[in-house]
Enquirer: 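Got a structure here, written out as C-alpha cells. Questions coming.
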Amino acid sequence: SHAPFKFEFNFSPNELTSIPQAEALLVRLEKDVRRHCDGNRKMTLDERRFVQTCMEETMKQSIDKFGSPAVAQAFNSRADG
C-alpha cells in the first residue's frame, strides 16, 4: 500500500492560469518530483524504471491536485510532444 500522496510544492495561483506559466511550473514540478522519487543519482535499469514510474504517477497526481485546465493542457501537450 502506498503512503497517501504527500508532496510539498510551492507555487502561486497565477501560475495556474496561463499556458506559458503552467509550462514553467511543470518544469519546476518535474525537478521536485525527480528529487522526491530519488532520481538524481546513478541508477541501475530497474531503479531507473522505478523512478520513471514514480515520476509519472507523482506528476499525474500533482496535476490532478492543481485542478487547473492550463496546467493539465500544458502537461498533456508535453506528454504528446
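Since the structure is predicted, the reported quantities are computational estimates derived from the model, not experimental observations.
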Enquirer: Report yes if some heavy atom in the side chain of Arg41 is under 4.5 Å from a heavy atom in the side chain of Glu47; otherwise report no.
Expert: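 Result yes, sub-4.5 Å side-chain heavy-atom pair found.
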Enquirer: Rounded at 0.5 Å granularity, tell me how far CZ in Phe66 sits from CG in Leu25.
Expert: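 The distance works out to 4.5 Å.
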Enquirer: Write down the atom of Ala72, the atom of Ile63, and the distance for their closest heavy-atom approach.
Expert: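 So the minimum-distance heavy-atom pair works out to CA-CG2, 3.8 Å.
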Enquirer: I'd like to know if Glu15 pairs up with Arg28 as an ion pair, taking the criterion as any Lys NZ or Arg NE/NH1/NH2 lying under 4.0 Å from an Asp or Glu carboxylate oxygen.
Expert: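 Answer for the salt bridge query: yes.
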Enquirer: Rounded to the nearest 0.5 Å, how far apart are CZ of Arg34 and CG of Leu29?
Expert: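 The CZ atom of Arg34 sits 11.5 Å away from the CG atom of Leu29.
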Enquirer: A side-chain contact here means heavy atoms from C-beta on lying under 4.5 Å apart; do Phe9 and Lys65 qualify?
Expert: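 No - every pair of side-chain heavy atoms lies 4.5 Å or more apart.
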Enquirer: Please determine whether the number of non-hydrogen atoms from other residues, nucleotides or ligands lying under 6.0 Å from atom CZ of Phe11 exceeds 12.
Expert: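 Yes - once you tally the heavy atoms of other residues, nucleotides and ligands closer than 6.0 Å, there are more than 12.
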Enquirer: Can Glu56 and Thr53 be counted as having a side-chain donor-acceptor contact under 3.5 angstrom?
Expert: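 No, Thr53 and Glu56 have no side-chain donor paired with an acceptor closer than 3.5 Å.
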Enquirer: Do Asp46 and Thr44 have side-chain N/O donor and acceptor atoms under 3.5 Å apart?
Expert: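 No, because no side-chain N or O of Asp46 sits under 3.5 Å from a partner of the opposite role on Thr44.
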Enquirer: Taking disulfide (SG to SG under 2.5 Å) as the cut-off, I'd like each qualifying pair that reaches into residues 43-80, sequence neighbours left out, listed once.
Expert: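 For residues 43-80: Cys37-Cys54.
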Enquirer: Nearest 0.5 Å, what's the CE-CG distance between Met55 and Asp32?
Expert: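 Rounded to the nearest 0.5 Å, the CE-CG separation comes out at 10.0 Å.
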Enquirer: Before you tell me yes or no, could you show the steps for Thr58 and Gln61 under side chain to side chain donor-acceptor pair (under 3.5 Å), namely the whole-Å CA-CA distance, both residues' side-chain angles and the distance that decides it to 0.1 Å?
Expert: CA-CA 5 Å; Thr58 308; Gln61 288 172 325; 4.7 Å; no
Enquirer: Mind listing the closest non-hydrogen atom pair of Thr17 and Asn14 along with its distance?
Expert: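 Minimum heavy-atom contact is OG1-O, 2.7 Å.
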Enquirer: How many angstroms lie between atom OG of Ser62 and atom CZ of Phe75, to the nearest 0.5 angstrom?
Expert: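 The distance works out to 9.0 Å.
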Enquirer: Going from CD on Gln21 to OG on Ser12, what distance comes out if it is rounded to the nearest 0.5 angstrom?
Expert: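 If I round to the nearest 0.5 Å, the distance is 7.0 Å.
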Enquirer: Starting from Met59, can I reach Ile19 by hopping between I/L/V/M/F/W/Y residues whose side chains sit under 4.5 Å apart?
Expert: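 No, because Ile19 and Met59 fall into different hydrophobic clusters, even though each may have its own neighbours under 4.5 Å.
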Enquirer: Would you call Arg78 and Glu30 a salt bridge, taking side-chain N to carboxylate O under 4.0 Å as the test?
Expert: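 The answer is yes: the pair qualifies as a salt bridge.
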Enquirer: Test of understanding: with side chain to side chain contact (heavy atoms under 4.5 Å, CB included), list the residues that count as partners of Asn10, not counting sequence neighbours.
Expert: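 So Asn10 forms no side chain to side chain contact (heavy atoms under 4.5 Å, CB included) with any residue.
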